[in-house]
Amino acid sequence: MTRAILKWGVLAVLVGMALYLIVALYAQREFVFAMLFLVLTASAVAVFVSKRLYAHRYIYPAVAGMGLFVIFPLMYTVGIGFTNYSASNLLSFERVQDNLLSRTYQSESARYNYDLYQTDAGYVVFLKSDAGDLISAPFELKDGQVPPIEVSPTATAPAGEPLAFRDIIKQRNALGELRLQTPDGRELSMASLRAFATIKPLYEKSGHDTLTNTRTGVTYFPNQDTGFYESADGDKLVPGWTVNAGFDNYKRVITDPSISGPFMQIFVWTLLFSVGTVVFTLVLGLLLANLLQWDQIRGKGFYRTMLILPYAVPAFISILVFKGLFNQNFGEINLVLENLFGIRPDWFSDPAMARSMILIVNTWLGYPYMMLLCMGLLQSIPRDLYEASAMDGAGPINNLMNITFPLILKPLAPLLIASFAFNFNNFVLIALLTGGAPDIIGASTPAGTTDLLVSYTYRIAFQDSGQNFGLAAAIATVIFLVVGALSLINLKLSKIKV
């Protein structure tokens with residue numbers, strides 16, 4: 001009985017905490033996340049309470065984790081790709097409207113110069129203008145929002161000397177929070193260190209969801225297609241709100257020349273980079289693995305250790321070291337090339353040289369992994385095959401092409417596909433080595449000749465002046481589909497069941 005009470009008590013506490021989180025998310029208008037945690041909570045309760053679902057409780061944590069960290073982010077990214085979500089379209093329509101209606105401006109038509117006096121009853125503001133002077137009731141001057149202080153007409157200034165300008169500067173923060181209420185209902189605030197002026201709302205509602213600028217008289221209408229308040233002349237008010245954009249982001253990738261051109265160029269380079277890296281690392285790793293299998297080589301343990309060292313050093317350190325070595329003016333590589341051949345390649349400013357540098361660095365970083373794989377696979381090949389081949393007079397090249405490579409290719413295929421997928425999204429290499437530079441001329445989005453699709457997407461989402469998350473999500477979705485399709489094709493071609 002006690003065990004049952006404890007069980008249901010713990011379950012009730014956990015469900016209560018989950019419901020509190022769901023309600024809090026809903027109150028913050030995070031409807032998608034509220035729905036996600038509602039589904040997870042309901043499914044967890046069903047699985048752990050129902051006796052018919054008893055067997056599923058052991059696999060439920062893995063399924064829930066996959067849904068939370070894999071499926072949901074993927075679906076959320078795809079969903080963002082169908083919106084205009086960006087730095088200028090982050091808010092909901094209601095919050096945008098509240099933001100615009102809360103804006104004010106200070107009218108220069110009712111402007112008062114002032115002096116600040118310190119009396120026994122407190123501070124007093126003496127407002128001066130041609131239309132008549134005003135004096136405030138005594139108040140305490142302190143930081144933070146304070147209630148409006150009433151001012152009344154006066155014919156004389158307060159007794160004593162006003163505070164010096166340097167004292168006003170010391171109190172400028174508190175004075176900036178001060179609000180003065182005139183007899184005719186106007187509200188004054190500090191317009192400068194020497195003057196107070198009337199505060200007026202910049203926008204006010206003039207109809208159903210329409211706003212009118214009180215200074216210019218221009219009326220702005222909500223455009224639910226673009227997510228902005230727009231005037232009849234096409235002027236937009238920022239910020240805007242998030243609206244459904246349909247396939248516009250995907251169409252831009254295809255039809256906008258300033259995006260489709262750089263996108264296709266980056267896509268081709270990403271494909272060549274991924275394939276080239278796999279080929280170069282495999283060739284170099286297999287060659288070194290074969291050399292280390294040679295019986296006549298002494299000190300194999302030392303060579304294995306030295307050749308594996310690049311794999312043991314953190315990649316970001318190696319990348320930054322190579323960035324210094326390839327420095328066009330002071331790098332050791334250019335110094336050696338200049339002394340030997342009289343050339344100084346522009347590794348970072350010439351697109352072809354920058355891409356070559358990236359392939360060289362990535363081959364250095366990736367060959368130890370391929371070498372280790374090949375060394376293990378070579379151990380599984382029967383030595384009898386090489387002995388029979390030697391009796392037939394075959395050489396090392398024939399053995400490599402007719403025995404070694406065919407026998408290790410099939411078990412290597414899944415690992416090669418994984419290496420291809422990893423390098424297709426190798427963001428760290430590009431970000432640390434070149435940052436995508438040199439830039440592609442004429443692109444309307446941040447795009448470089450050494451950018452991969454993943455770094456191109458990152459720059460659109462976080463480095464573009466508009467931070468176009470919707471377009472970045474659309475490109476990320478395309479990347480997912482491309483990598484998935486290429487991986488599936490490779491698996492089919494290698495006759496591996498999926």
Side-chain angles (χ1 to χ4, degrees), residues 73-91 93 96 221-274 349 351-352 354-355 358 424-427 430-431 434-486:
L74 178 61
M75 295 178 62
Y76 193 69
T77 301
V78 173
I80 290 176
F82 289 95
T83 69
N84 68 337
Y85 190 54
S86 64
S88 57
N89 297 85
L90 288 172
L91 306 176
F93 174 73
V96 168
F221 302 89
N223 189 332
Q224 297 298 339
D225 294 328
T226 62
F228 288 98
Y229 267 99
E230 297 182 0
S231 67
D233 296 332
D235 293 332
K236 296 180 180 179
L237 297 181
V238 178
W241 60 94
T242 304
V243 296
N244 182 20
F247 288 92
D248 289 350
N249 291 319
Y250 296 92
K251 291 178 180 177
R252 286 185 64 190
V253 175
I254 299 173
T255 60
D256 189 344
S258 62
I259 295 179
S260 60
F263 177 83
M264 289 306 301
Q265 183 176 339
I266 292 172
F267 171 74
V268 172
W269 157 240
T270 303
L271 196 61
L272 292 176
F273 165 77
S274 304
S349 56
R355 289 170 175 173
I358 289 174
F424 201 91
N425 295 305
N426 196 341
F427 173 80
I430 304 302
T434 65
D439 292 334
I440 297 177
I441 306 300
S444 62
T445 55
T449 54
T450 59
D451 265 322
L452 303 181
L453 285 176
V454 62
S455 62
Y456 176 53
T457 304
Y458 173 83
R459 295 177 69 183
I460 291 176
F462 299 106
Q463 293 184 357
D464 185 12
S465 58
Q467 294 187 348
N468 197 331
F469 304 119
L471 180 61
I475 295 176
T477 304
V478 173
I479 294 174
F480 168 75
L481 296 176
V482 169
V483 174
L486 292 175

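The residues of the chain are indexed from 1 along the displayed sequence.
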Checklist entry - After noting the C-alpha distance and the side-chain angles of F228 and V96, does the key distance pass the side-chain contact (heavy atoms from CB on, under 4.5 Å) rule? => result CA-CA 9 Å; F228 288 98; V96 168; over 6 Å; no
Could you state the interatomic distance from [atom1] ([X]) to [atom2] ([Y]), rounded to the nearest 0.5 Å?
{"X": "T449", "Y": "I440", "atom1": "OG1", "atom2": "CD1", "answer": "6.5 Å"}
{"X": "L453", "Y": "S274", "atom1": "CG", "atom2": "OG", "answer": "9.0 Å"}
{"X": "T457", "Y": "D451", "atom1": "OG1", "atom2": "CG", "answer": "9.0 Å"}
{"X": "S455", "Y": "I460", "atom1": "OG", "atom2": "CD1", "answer": "10.0 Å"}
{"X": "I259", "Y": "K251", "atom1": "CD1", "atom2": "NZ", "answer": "14.0 Å"}
{"X": "R459", "Y": "D439", "atom1": "CZ", "atom2": "CG", "answer": "5.5 Å"}

Shortest non-hydrogen contact between [X] and [Y], atoms and distance:
{"X": "S258", "Y": "G442", "answer": "CB-O, 3.8 Å"}
{"X": "G81", "Y": "Y250", "answer": "O-CE1, 3.7 Å"}
{"X": "G227", "Y": "N89", "answer": "O-ND2, 3.2 Å"}
{"X": "F462", "Y": "Q467", "answer": "O-NE2, 3.5 Å"}

Checklist entry - Can you list the residues that meet the ring pair (Phe, Tyr, Trp, His ring centres under 6.0 Å) rule with F221, with sequence neighbours excluded? => result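 If we apply the ring pair (Phe, Tyr, Trp, His ring centres under 6.0 Å) test to F221, skipping adjacent residues, there are no hits.
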Flag side-chain contact, heavy atom, 4.5 Å: [X] against [Y]:
{"X": "P239", "Y": "L91", "result": "yes"}
{"X": "P438", "Y": "S349", "result": "no"}
{"X": "N468", "Y": "R252", "result": "yes"}
{"X": "P73", "Y": "M75", "result": "no"}

Next on the checklist: Surrounding CZ of F427 (heavy atoms of other residues, nucleotides or ligands, distance under 6.0 Å), is the total greater than 12?
Outcome noted: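 Yes, CZ of F427 has more than 12 neighbouring heavy atoms, counting only those of other groups under 6.0 Å.
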Next on the checklist: Using side-chain contact (heavy atoms from CB on, under 4.5 Å), reason through N249 and F82 one step at a time and then give a plain yes or no.
Outcome noted: CA-CA 7 Å; N249 291 319; F82 289 95; over 6 Å; no
Item to check | Reference residue E230; test side chain to side chain contact (heavy atoms under 4.5 Å, CB included); the match among D225, N223, D235 | outcome: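 The single option meeting the side chain to side chain contact (heavy atoms under 4.5 Å, CB included) with E230 is N223.
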Checklist entry - Per the side chain to side chain contact (heavy atoms under 4.5 Å, CB included) rule, which among T477, I475, V482 passes with I479? => result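 Checked T477, I475, V482 against I479; only one passes side chain to side chain contact (heavy atoms under 4.5 Å, CB included): I475.
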Checklist entry - Under the side-chain contact (heavy atoms from CB on, under 4.5 Å) criterion, do F263 and V478 qualify, and how do the steps go? => result CA-CA 11 Å; F263 177 83; V478 173; 3.8 Å; yes
Checklist entry - Just by modelled atom types, is the T450 backbone N or O under 3.5 Å from a matching donor or acceptor in the W269 side chain? => result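 Pair found, side chain donor or acceptor close to backbone of T450.
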Item to check | Test item: N84 side-chain N/O and T226 main-chain N/O as donor-acceptor pair under 3.5 Å | outcome: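 Present.
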Checklist entry - What salt bridge (Lys or Arg N to Asp or Glu O under 4.0 Å) pairs are there with at least one residue in residues 253-262, not counting sequence neighbours? => result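 Counting only pairs at least two positions apart or across chains, no salt bridge (Lys or Arg N to Asp or Glu O under 4.0 Å) contact touches residues 253-262.
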Checklist entry - Does the pair F480 and V78 meet the rule for a side-chain contact (heavy atoms from CB on, under 4.5 Å), with working shown? => result CA-CA 10 Å; F480 168 75; V78 173; over 6 Å; no
Item to check | T242 and T83 side chains, donor-acceptor separation under 3.5 Å | outcome: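 No, no side-chain donor-acceptor contact under 3.5 Å.
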Next on the checklist: Under a plain distance cut-off of 3.5 Å, with no hydrogens placed, do T270 and Y456 share a side-chain donor-acceptor pair?
Outcome noted: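 Not at all, the side chains of Y456 and T270 share no donor-acceptor pair under 3.5 Å.
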Next on the checklist: Suppose we screen for side chain to side chain contact (heavy atoms under 4.5 Å, CB included). Which residues come up paired with L271, at least two apart in sequence or across chains?
Outcome noted: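 F420, F424, L486.
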Item to check | Check: W241 ring centre within less than 6.0 Å of Y85 ring centre | outcome: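 Not close enough - the centres of the two rings lie 6.0 Å or further apart.
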